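Values in this document were obtained by computation on a predicted structure and should not be read as measured data. The residues of the chain are indexed from 1 along the displayed sequence.
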Amino acid sequence: MGIFELLIDFILHLDVYLDEIIQNFGVWTYAILFAVIFAETGLVITPFLPGDSLLFAAGTFAALGSLNVLILWLVLFIAAVLGDTVNYWIGNKIGPAVFEKDYRFLKRDYLEQTQEFYDKHGGKTIVLARFVPIVRTFAPFVAGVGTMNYGRFLGFNFFGAFIWTALFVALGYFFGNIPIVKENFELAILGVILISVLPMIYEWLKHRNNKSNEAVESETIPS
């Protein structure tokens with residue numbers, strides 16, 4: 001099984017893998033979850049790691065008593081805040097030079113997509129991006145490139161991290177162990193992922209439609 005296939009399997013069967021992690025690592029599970037969320041939000045080369053779905057799955061195990069829900073939320077909240085903070089300073093120090101050419105997991109399209117999102121929503125992007133995969137990883141980087149004052153960024157960072165972690169952990173805690181959800185956990189995870197990417201799909205379709213309209217208008221304008 002390749003890395004990509006293993007990642008997909010891990011995300012779709014988070015309940016199985018997380019149960020194994022808890023059984024094998026006990027209290028160190030908090031550190032593992034911290035590391036995943038920190039990397040997903042803090043490193044521009046790892047936007048593919050699970051975010052929303054991991055928070056949801058962790059919340060379901062907190063409801064079972066396998067994890068303490070308050071400690072879990074606090075650990076994930078700190079990871080999300082620190083992740084965005086590190087990402088901001090990476091962008092601030094390195095800047096757009098990183099995107100002079102595409103890499104496997106680091107593409108200029110991601111940066112441009114995030115910049116468009118940023119231009120539309122301004123400072124709110126740091127909060128809104130928490131709920132959009134890929135954009136969530138690149139928004140603090142773009143802010144660090146020079147778009148946002150750090151003090152202002154930090155305020156949005158704390159607020160966005162609080163809402164994001166609290167919401168998805170709570171969703172898992174209160175709904176993840178409902179029999180129909182528990183018996184169809186893969187579908188529940190896919191649903192969480194789908195809801196997360198809907199804003200990005202909407203923006204892409206809107207952008208594509210605007211480009212099509214511009215092309216039609218240019219063709220109808222007499223020379």
Side-chain angles (χ1 to χ4, degrees), residues 3-4 7 10-11 31-55 75-168 192-193 195-208:
I3 295 177
F4 182 74
L7 179 65
F10 176 76
I11 293 173
I32 295 171
L33 294 174
F34 177 96
V36 174
I37 294 302
F38 174 83
E40 197 261 353
T41 58
L43 305 176
V44 291
I45 60 172
T46 53
F48 52 84
L49 290 174
D52 308 322
S53 54
L54 185 61
L55 298 180
V75 166
L76 298 176
F77 169 70
I78 293 173
V81 170
L82 291 180
D84 264 28
T85 300
V86 169
N87 214 343
Y88 173 94
W89 287 112
I90 290 174
N92 184 265
K93 299 300 181 183
I94 297 177
V98 175
F99 290 90
E100 287 182 355
K101 59 180 180 179
D102 285 346
Y103 299 91
R104 185 174 182 180
F105 297 116
L106 192 63
K107 299 182 182 296
R108 187 169 184 82
D109 285 347
Y110 295 162
L111 177 63
E112 292 173 350
Q113 184 180 49
T114 305
Q115 286 175 325
E116 290 177 6
F117 198 88
Y118 206 105
D119 291 339
K120 178 176 180 180
H121 298 290
K124 294 182 297 182
T125 296
I126 302 301
V127 176
L128 296 174
R130 288 286 186 185
F131 300 88
V132 186
I134 298 180
V135 173
R136 173 168 58 243
T137 304
F138 285 87
F141 181 90
V142 173
V145 169
T147 308
M148 181 179 286
N149 171 270
Y150 178 68
R152 186 163 177 257
F153 165 82
L154 192 60
F156 284 111
N157 180 14
F158 268 85
F159 184 62
F162 179 89
I163 295 177
W164 181 56
T165 54
L167 176 62
F168 280 97
V192 171
I193 295 172
I195 292 172
S196 300
V197 300
L198 279 178
M200 188 164 53
I201 294 173
Y202 171 77
E203 291 295 335
W204 179 79
L205 290 174
K206 184 178 179 181
H207 179 70
R208 184 179 179 183

Quick one: side-chain hydrogen bond (donor to acceptor under 3.5 Å, both in side chains) partners of T165, sequence neighbours excluded? W73
F77 side chain near W164 side chain, heavy-atom distance below 4.5 Å: no
Is T137 reaching over with its side chain to a backbone N or O of V44, donor-acceptor style, under 3.5 angstrom? no
In terms of heavy-atom contacts, does CZ of F162 have more than 12 from other residues, nucleotides or ligands at under 6.0 Å? no
Atom CG of N87 and atom CD of E40: how far apart are they, to the nearest 0.5 Å? 10.0 Å
If we only count heavy atoms from C-beta on, is the D84 to Y88 side-chain gap below 4.5 Å? no
On a heavy-atom basis, the closest approach of R130 and R136 is O-NH1, 2.5 Å
Would you say T46's side chain and L43's backbone share a donor-acceptor pair under 3.5 angstrom? yes
Pairwise side-chain contact, I37 with L55, heavy-atom cut-off 4.5 Å (strictly under): yes
Heavy atoms only: give me the nearest I45-P47 pair and the separation to one decimal. C-CD, 3.2 Å
Between L49 and V36 the two heavy atoms that sit nearest each other are CD1-O, 4.0 Å
Is there a side-chain contact between I126 and R152, using heavy atoms and a 4.5 Å cut-off? no
Close side-chain approach of L154 and N157, heavy atoms under 4.5 Å: yes
Can you name the closest pair of heavy atoms from G83 and T41 and give their distance? CA-OG1, 3.4 Å
Taking all heavy atoms of F131 and all of I163, pick out the closest pair and write down the distance. CZ-CG2, 3.6 Å
Considering all heavy atoms, the nearest T85-Y150 contact: CG2-OH, 3.5 Å
